[in-house]
Trainee: 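Have a look at the structure that comes next, please.
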Amino acid sequence: MFAKPLFGVILTLLLGASSFAAPQERTQETLTRSAQTGNSVRTELSQNVYRQEPYQAEYTVQVPYEAQETYYESVPYQVEETYYEDVPYTERVPYTDYEPYYDNEYICSNVTRYRQECHDERVCTPGGRRCEDVTECGTNSRGERICKTRTVCRDDGPRECRNIPRCQQVPYTERECGWQTVRKTRPVTRYRDEVRYRKELRTRTVTKYRQEERTRTVTKYREETRCCVAKYRDVFDHQFTQPVTVIFPTDASLIANEQERILVVLKGDETTPQVTAQVQSDIFSYEIEQTRQEGRDKVLVLKVVPKWTTVNAGPTTIQGLKLSFTKNQGRITFKETISSKRLTSLYTLEVRDAQGQNVLFEQSFEGTEAKIFDIETPGLVRDGKYTLRLRVERQGMNVSQGTLSFEQTVSYEKKELDTDEIQNLRSENQVRLVNIEGTGVDRVVTIQDLTPAVEEVKTTYKLVVWKKLSNGKIEWLNEKTFSREEIQRADGLLGIAFKSLGLNPSSDQKLYMDLVVRRESPQYLGTQKVQFIVSKTF
């Protein structure tokens with residue numbers, strides 16, 4: 001009965017012994033090349049060789065057997081149950097209605113009537129009319145005497161007057177009373193039939209189900225171990241080694257503390273070993289020019305290929321070229337993304353007047369590092385309109401054709417804030433009371449403003465701290481006012497120390513904080529002042 005377990009132990013020991021017998025192989029290695037190692041590096045890689053060895057192993061089979069199992073079956077049965085049903089019935093219900101009727105009323109009202117009124121009107125006419133010729137004489141422009149005759153008429157005699165009767169219809173108001181028939185309404189009680197419902201108890205037969213236990217015979221399977229079957233396993237046979245030499249070109253010598261790393265990898269098998277090499281270098285780029293066999297050695301001969309081309313060292317490597325002003329001081333900024341000791345970059349900056357194309361600023365300088373350049377531009381004004389040109393010339397033996405150059409040109413014109421930027425200044429979501437950091441008297445409340453800093457927009461903040469008393473009232477503790485420039489110096493985050501507010505509340509004290517934000521800008525916001533409050537409870 002102990003034969004099978006003992007066999008398994010012996011088999012495990014044999015397998016373990018064969019795996020531990022294999023020595024550590026080295027199929028890849030990273031070599032370091034420096035000025036001291038010269039133009040070649042050498043190493044020796046190794047790889048284990050295994051053979052297939054048969055052995056007798058136990059195996060398992062699925063053996064059927066019969067077993068009794070319990071299961072549950074749903075069995076129907078009938079039962080009497082009671083329920084309520086809504087039964088309609090008719091009920092006579094009174095309601096109030098309104099009916100018209102007519103009644104006689106003595107009613108007085110004002111009536112407009114007309115009467116004829118006459119009076120005499122005196123009319124006068126002039127007397128008789130008399131006309132006569134009148135001669136008028138004078139001298140013309142030549143001194144000659146000329147005369148003209150015209151007829152002049154005038155009324156003569158007494159006026160005749162007489163009285164003429166005039167009549168017209170004149171309105172007047174008179175009170176008139178009398179009996180009139182008037183329509184009225186009065187409430188009356190009427191009746192109508194309405195259908196209502198009442199609950200009545202009923203009985204019905206329903207089918208329900210219960211779970212009843214049953215037993216049945218089923219076929220199941222169990223695993224049984226049998227012995228034995230022939231299998232094969234990998235058994236360490238021997239280890240072979242492969243010397244590798246990597247030869248660098250003579251024009252790729254290193255100096256000072258320069259280093260290159262070479263990853264050498266052994267692939268294939270003992271009969272056809274294959275070796276690859278990959279150089280990680282910030283100085284040169286290489287390709288395998290030749291692979292040859294010298295005795296047991298695999299020799300890889302490398303050649304230099306250009307590391308920097310217009311693809312990886314061209315215009316896309318200069319980012320963010322712009323001219324900006326801070327408090328009327330102009331400065332040019334751009335980011336260089338390439339860094340190489342054997343690569344020298346000459347930068348030439350030129351700023352011209354966009355109107356007359358006169359050169360207003362010019363500066364040249366060299367660089368070998370990846371960094372952000374910040375150059376002051378004295379003499380330029382914020383209200384100007386300029387064309388900014390940057391010329392970059394890269395030189396070095398690892399540059400394609402020895403040198404490459406390119407230019408970038410951008411325009412500058414004083415920018416007005418657009419609608420979205422102004423709306424952003426009005427947004428309460430851009431300002432946050434972040435959290436409270438630290439302990440005791442060293443605690444600070446951090447404040448963040450995510451809007452961009454605009455020189456023409458003046459932003460001030462006032463932090464007000466409150467606490468709630470036991471009677472539910474709010475008590476003012478202290479407040480502090482500060483400017484946007486303080487937040488700018490803190491990279492968008494500012495910490496206000498509790499001790500600067502003269503506060504040292506207990507750690508379990510609930511604090512209510514209001515941050516009043518006020519923005520002013522005659523240029524962008526006009527006479528309007530943006531003001532809002534951000535609140536948070538800590």
Side-chain angles (χ1 to χ4, degrees), residues 1-32 41-75 209-246 261-280 287-288 290-302:
M1 63 181 293
F2 298 99
K4 290 181 179 178
L6 181 59
F7 178 82
V9 171
I10 294 173
L11 181 62
T12 303
L13 291 175
L14 289 174
L15 290 172
S18 62
S19 62
F20 282 119
Q24 182 70 35
E25 62 182 0
R26 186 168 59 182
T27 59
Q28 67 178 40
E29 184 179 359
T30 300
L31 307 175
T32 301
V41 292
R42 190 177 188 279
T43 187
E44 192 170 274
L45 303 178
S46 61
Q47 189 179 76
N48 292 338
V49 179
Y50 295 86
R51 69 176 185 274
Q52 291 286 308
E53 182 179 88
Y55 69 97
Q56 295 295 312
E58 293 181 339
Y59 65 95
T60 59
V61 293
Q62 297 286 327
V63 179
Y65 69 95
E66 291 185 345
Q68 295 290 320
E69 74 172 11
T70 300
Y71 69 98
Y72 291 89
E73 186 175 320
S74 295
V75 178
Y209 294 86
R210 59 174 173 264
Q211 298 292 316
E212 292 188 359
E213 187 178 300
R214 298 283 191 270
T215 304
R216 61 188 171 194
T217 302
V218 296
T219 300
K220 294 188 176 182
Y221 295 86
R222 60 172 173 261
E223 288 187 350
E224 292 187 2
T225 304
R226 299 282 190 267
C227 184
C228 285
V229 65
K231 291 187 177 181
Y232 291 87
R233 63 173 175 265
D234 288 334
V235 178
F236 174 74
D237 186 77
H238 67 280
Q239 186 181 82
F240 80 93
T241 59
Q242 176 62 65
V244 180
T245 300
V246 181
R261 297 188 180 278
I262 308 98
L263 175 63
V264 184
V265 180
L266 173 62
K267 297 181 180 179
D269 53 32
E270 187 175 12
T271 58
T272 57
Q274 299 174 5
V275 178
T276 61
Q278 183 178 357
V279 183
Q280 300 174 357
E287 286 182 355
I288 297 177
Q290 181 186 10
T291 301
R292 64 175 183 259
Q293 190 78 33
E294 295 182 357
R296 292 181 58 246
D297 282 21
K298 285 280 187 183
V299 180
L300 306 180
V301 181
L302 305 182

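Throughout, residue positions are numbered sequentially from 1 according to the sequence presented. We use all heavy atoms of the structure for the numbers below, so side chains are in, but hydrogens, waters and symmetry mates are not.
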Trainee: Hey, is OH on Tyr71 packed in by over 12 heavy atoms from elsewhere, all under 6.0 Å?
Mentor: yes
Trainee: For the residue pair Gln52 and Arg233, establish whether any side-chain heavy-atom pair is separated by less than 4.5 Å.
Mentor: no
Trainee: Measure the spacing between CG of Leu45 and CD of Gln47 and express it to the nearest 0.5 Å.
Mentor: 9.5 Å
Trainee: So does Gln293 have more than 12 non-hydrogen atoms from other groups sitting under 6.0 Å from CD?
Mentor: yes
Trainee: Does atom CD (Gln211) have a neighbourhood of more than 12 heavy atoms from anything else shown, all under 6.0 Å?
Mentor: yes
Trainee: What I want to check is whether the side chains of Thr241 and Arg26 have a donor and an acceptor closer together than 3.5 Å.
Mentor: no
Trainee: Does the pair Asp297 and Arg42 meet the rule for a salt bridge (charged side-chain N to carboxylate O under 4.0 Å, His left out), with working shown?
Mentor: CA-CA 10 Å; Asp297 282 21; Arg42 190 177 188 279; 3.1 Å; yes
Trainee: Would you give the length of the straight line joining atom OG1 of Thr276 to atom CD of Gln28, rounded to the nearest 0.5 angstrom?
Mentor: 9.0 Å
Trainee: Show your reasoning for whether side chain to side chain contact (heavy atoms under 4.5 Å, CB included) applies to Arg292 and Val301.
Mentor: CA-CA 8 Å; Arg292 64 175 183 259; Val301 181; 3.3 Å; yes
Trainee: Side-chain donor-acceptor pair under 3.5 Å between Gln68 and Thr217, yes or no?
Mentor: yes
Trainee: Will you find, in the side chains of Lys298 and Gln242, an N or O donor that is under 3.5 Å from an N or O acceptor?
Mentor: no
Trainee: Regarding Arg226 and Glu58, does a basic nitrogen lie under 4.0 Å from an acidic carboxylate oxygen?
Mentor: no
Trainee: Let me confirm one number: the OG1-CG distance from Thr43 to Leu31, rounded to the nearest 0.5 Å.
Mentor: 5.0 Å
Trainee: If you measure from OH on Tyr55 to CD on Glu53, what distance do you get to the nearest 0.5 Å?
Mentor: 10.5 Å
Trainee: Ignoring hydrogens, what is the shortest heavy-atom contact between Ala277 and Val246? Give both atom names and the distance.
Mentor: CB-CG2, 4.4 Å
Trainee: Apply side chain to side chain contact (heavy atoms under 4.5 Å, CB included) to residues Val275 and Val265 and explain how you reach the verdict.
Mentor: CA-CA 6 Å; Val275 178; Val265 180; over 6 Å; no
Trainee: What are the two closest heavy atoms between Cys227 and Tyr59, and how far apart are they?
Mentor: N-CE2, 4.3 Å
Trainee: Give me the atom names and distance for the closest heavy-atom approach of Leu266 to Pro273.
Mentor: CD1-CB, 4.1 Å
Trainee: Could you tell me if Arg214 sits above the aromatic ring of Tyr72, with its cationic atom closer than 6.0 Å to the ring centre and no more than 45 degrees from the axis?
Mentor: no
Trainee: Which atom names give the shortest non-hydrogen contact between Pro23 and Asn48, and what distance separates them?
Mentor: O-ND2, 2.8 Å
Trainee: Val41 and side-chain contact (heavy atoms from CB on, under 4.5 Å): which partner among Val264, Thr32, Ile262, Leu300?
Mentor: Ile262
Trainee: Around Arg51, counting heavy atoms of other residues, nucleotides and ligands shown, do more than 12 lie under 6.0 Å from its CZ?
Mentor: yes
Trainee: What's the shortest heavy-atom distance between Tyr50 and Ala22, and which atoms?
Mentor: OH-CB, 3.6 Å
Trainee: Does a donor on one side chain sit under 3.5 Å from an acceptor on the other, for Glu69 and Thr215?
Mentor: no
Trainee: Please name the pair of heavy atoms, one in Gln239 and one in Glu25, separated by the smallest distance, quoted to 0.1 Å.
Mentor: NE2-CA, 3.7 Å
Trainee: Are there more than 12 heavy atoms of other residues, nucleotides or ligands under 6.0 Å from atom OH of Tyr65?
Mentor: yes
Trainee: Test side chain to side chain contact (heavy atoms under 4.5 Å, CB included) on Lys231 and Gln56 and set out the steps.
Mentor: CA-CA 6 Å; Lys231 291 187 177 181; Gln56 295 295 312; over 6 Å; no
